[in-house]
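Some notes on the structure that comes next.
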Amino acid sequence: KAGVTQTPRYLIKTRGQQVTLSCSPISGHRSVSWYQQTPGQGLQFLFEYFSETQRNKGNFPGRFSGRQFSNSRSEMNVSTLELGDSALYLCASCTGTVNTEAFFGQGTRLTVV
Amino acid sequence: GDSVTQMEGPVTLSEEAFLTINCTYTATGYPSLFWYVQYPGEGLQLLLKATKADDKGSNKGFEATYRKETTSFHLEKGSVQVSDSAVYFCALITDLSGGSNYKLTFGKGTLLTVNP
């Protein structure tokens, strides 16, 4: 079956702009979570959605937001981009119950200039 | 809160050498433990997992045993190959409310380079 699909793969934006990233989970998976990966901070949890509801949120400013649609696809948005937002953004999907494995997409590489 | 500590490396080995990457954790509940691997330019792939004490996860020659008494989940492989070169992440998830919070906590990652 198809894996987790993230689009776009690469993105270059200017400071102050906003950006929207997309994630299509594996068919049947209702949970989608987002992570930010940087060399300095490693992998940090952004938020998790299940059946269109945000269940958990990490310690990120309000400029980072997300949503999930009825087909489980998810988007995350970052407004007023800062240089420090440059990172690899990873999306993971799973069935939504504990102990099940999360499947990751290839990520979106965001560069803010 | 939950945290994972793993040796950050980098680790450089020759082909067929023995590999150990240490991982210890602190958790508020009873965690499930995972090792993920990230190849250059790729996302994370689950390598192995263990969901209760004394469980041994294994895959592709890699093994890790869930040690509750030492809060550890060290990754081992008896004979590494060049193709094992990647970044390895130890991670945990703690369910405190019946599966309603799926949030992975990761270690910083360990870069492994295997030379021929």
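Letters A, B, ... mirror the listed sequences (proteins, then strands); counts begin at 1. Just so it is clear, the structure is predicted and the values come from calculations on it, not from any experiment.
Side-chain atoms of A:R109 and A:R9, non-hydrogen and from C-beta on, never get closer than 4.5 Å to each other. Residues B:P31 and B:Y66 meet the side-chain proximity criterion, which asks for heavy atoms closer than 4.5 Å. Taking the side chain as every heavy atom from C-beta outward, A:F60 and A:Q44 approach each other to under 4.5 Å.
Heavy atoms closer than 4.5 Å to chain A are found in both the backbone and the side chain of B:L104. With a 4.5 angstrom heavy-atom cutoff, A:Q37 touches chain B only via side-chain atoms. Looking at A:Y35, only its side chain comes within 4.5 Å of chain B, counting heavy atoms on both sides.
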Output a table of donor-acceptor pairs, distance under 3.5 Å, between side-chain atoms of residues 15-22 of chain A and any protein atom two or more places apart or on a different chain; print 'none' if there are none.
residue, atom, partner, partner atom, Å
A:Q17, OE1, A:T14, N, 2.8
A:T20, OG1, A:N77, OD1, 3.0
A:S22, OG, A:R73, NH1, 2.9

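With chain B as partner, the option from A:A102, A:S33, A:G107 having the largest number of non-hydrogen pairs under 4.5 angstrom is A:A102.
Judged by a 6.0 Å distance limit and a 45° cone about the ring axis, B:K68 is positioned over the six-membered ring of B:Y30.
Exactly one residue among B:F62, B:Y39, B:Y36, B:W35 makes a ring pair (Phe, Tyr, Trp, His ring centres under 6.0 Å) with B:Y88. That residue is B:F62.
Judged purely by distance below 3.5 Å, without hydrogens or angles, the side chains of B:E16 and B:S79 never pair a donor atom with an acceptor atom.
At a heavy-atom cut-off of under 4.5 Å, chain A is reached by B:G41, B:E42, B:G43, B:L44, B:L46 from residues 40-47 of chain B, listed in order of number.
Taking every heavy atom of both residues into account, A:T108 and A:P8 meet most closely at OG1-O, 2.5 Å.
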